[in-house]
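All values below were derived from every heavy atom in this structure, side-chain atoms included, with hydrogens, water molecules and symmetry-related copies excluded. For ligands, and for the atoms within them, numbers begin at 1 and follow the listed sequence.
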Amino acid sequence: MYFSKLIATGACVPKTVISNQKLSELVDTSDEWISSRTGIRNRHFAQTENASDLAIGTARQILSRCQIAPEDIDLIIVATVSGDYTTPSVACLVQAAIGAKNALAFDISAACSGFIFGLSVADKYIRAGIYKNALIIGSELLSKYLNFNDRSTCVLFGDGSGGAMVVRSDEPGLLCEALGSDGERGLSLTCGHVPTSSPFNGLPRGTDPYVHMDGRVIFDFATRTVPKSVEEMLEKQGVGIEDIDLVVPHQANSRIVEIISRKLKIPMEKFYLNMHEYANTSSASIPIALNELVENGRITPGMTVLFCGFGAGLTWGNMLIRM
Ligand code: UT7
């Protein structure tokens, strides 16, 4: 019987940091409003890099931290909703850049749950005995989709990338998961709409690149669906709250995390927050946080870590990991 285990992490974010104060010079907002409503203080915005450059930076860092040669990678999954192109995928661009010539590479679109969806797909390939070494990355360049005249969205998001190497193992590493989707509420958070048009239907060409969001719908969804899904998952697995060493939630809003903490009765001290530095980086937020925890020694081998992803789609992805 095969299991999958996470053996190395990495991250790559653009150097340029934009503070709430800096944003307030552009749009009618304030540091006070943004930080008290969301916990966000800074975000990193790309100057020239695109989503693939950040993903490649992450991939190279992960490779430098494990004993796996590029040609031994079987699978590359990049979770992204802000890739460089509609096609080729960011995963194929990563494959070429790192020389992973034997890998199957593709992107998945599950927004802020994307990294967890990617881990889940890799886990199935590994458990089925098809692949041994999978590189999973979340990479987003959301700044290119933000409307800097819309204060209700442009203050919330940032650019970044993070990821992990997941390999075949004799012991369980990815312990259990609860993933889901609710397409009925999908249009409450959209990004990058390309309408139908051709010379034969007379419809005008034009795209709406921007993020549009009904924040309250997403807030309500996240604070109801995530705790319920986590509770059901843990109960099914026979895992108690006390068995969880750390929680790495999606970094959208500290108030959402506080409500999740209260509902799950897991103390806030066990939740890792870094949205004050990166804002919401969608699929990259969980792996960037995970990488920081590994780098600063707060996550060590043997620890049990809960990931909670949620966002556009709508989608959610919760997963319990033994490091
Ligand atoms: O990755 C997952 C995707 N997204 C999320 O998880 C976001 C989930 N939602 C949220 O985090 C919150 O709903 C927000 C942070 C987006 C908004 O917080 P809120 O407490 O729901 O605020 P609101 O949208 O109800 O707006 C309250 C007020 C409004 O003014 P009025 O109508 O009360 O006068 C807004 O116009 O705040 C105003 N406002 C702002 N003021 C200053 C909205 N954005 C801003 C801003 N600066 N940036």
Side-chain angles (χ1 to χ4, degrees), residues 18-43 45 79-82 109-117 138-143 145-162 179-183 185-192 210-227 229 248-261 263 271 273-276 278-289 307-318:
I18 304 293
S19 65
N20 291 345
Q21 173 58 35
K22 187 89 185 151
L23 262 185
S24 71
E25 293 165 17
L26 198 69
V27 58
D28 181 17
T29 189
S30 64
D31 177 44
E32 202 285 325
W33 192 95
I34 303 170
S35 56
S36 64
R37 299 271 175 148
T38 68
I40 295 165
R41 291 186 179 278
N42 296 303
R43 72 282 296 138
F45 280 162
T80 186
V81 291
S82 53
S109 167
C112 311
S113 312
F115 180 69
I116 308 302
F117 279 36
S139 190
E140 304 287 3
L141 220 94
L142 295 167
S143 56
Y145 288 108
L146 296 176
N147 178 354
F148 288 96
N149 293 312
D150 176 9
R151 67 179 183 174
S152 71
T153 54
C154 74
V155 303
L156 302 175
F157 298 94
D159 300 337
S161 167
L179 277 52
S181 311
D182 174 8
R185 286 186 281 180
L187 295 184
S188 53
L189 176 46
T190 63
C191 172
Y210 296 133
V211 171
H212 299 276
M213 180 171 73
D214 185 335
R216 294 220 169 154
V217 171
I218 308 297
F219 196 99
D220 187 62
F221 152 72
T223 52
R224 284 173 199 268
T225 306
V226 175
S229 163
V248 184
H250 172 47
Q251 308 286 319
N253 185 323
S254 54
R255 287 190 296 141
I256 292 178
V257 178
E258 280 158 17
I259 295 172
I260 293 173
S261 152
K263 287 193 172 176
F271 284 77
L273 300 183
N274 67 3
M275 71 275 286
H276 54 272
Y278 304 106
N280 179 346
T281 56
S282 192
S283 67
S285 88
I286 290 176
I288 290 173
F307 296 150
C308 300
F310 53 87
L314 303 178
T315 57
W316 61 97
N318 301 303

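- Listed by chain and residue number, H44 satisfy the ring pair (Phe, Tyr, Trp, His ring centres under 6.0 Å) test with Y278 (two or more places apart in sequence, or in another chain).
- With 3.5 Å as the limit, one finds no donor-acceptor pair spanning the side chains of T190 and H212.
- Legend: salt bridge (charged side-chain N to carboxylate O under 4.0 Å, His left out) pairs involving residues 27-39, not counting sequence neighbours, sorted by first then second residue: D28-R151, D31-R41.
- Closer than 4.0 angstrom to ligand 1 lie heavy atoms from D28, T29, W33, R37, T38, C112, R151, S152, V155, L156, L189, M213, G215, R216, I218, F219, H250, A252, N253, R255, I256, N280.
- Taking all atoms of both residues into account, the shortest heavy-atom contact from C308 to V226 is CB-CG1, 4.0 Å.
- Judged as a side-chain contact (heavy atoms from CB on, under 4.5 Å), and not counting sequence neighbours, the contacts of F221 are R185, T225, F310, L314, W316.
- Under 3.5 Å, the side chains of R43 and N280 contain no donor-acceptor pair of N or O atoms.
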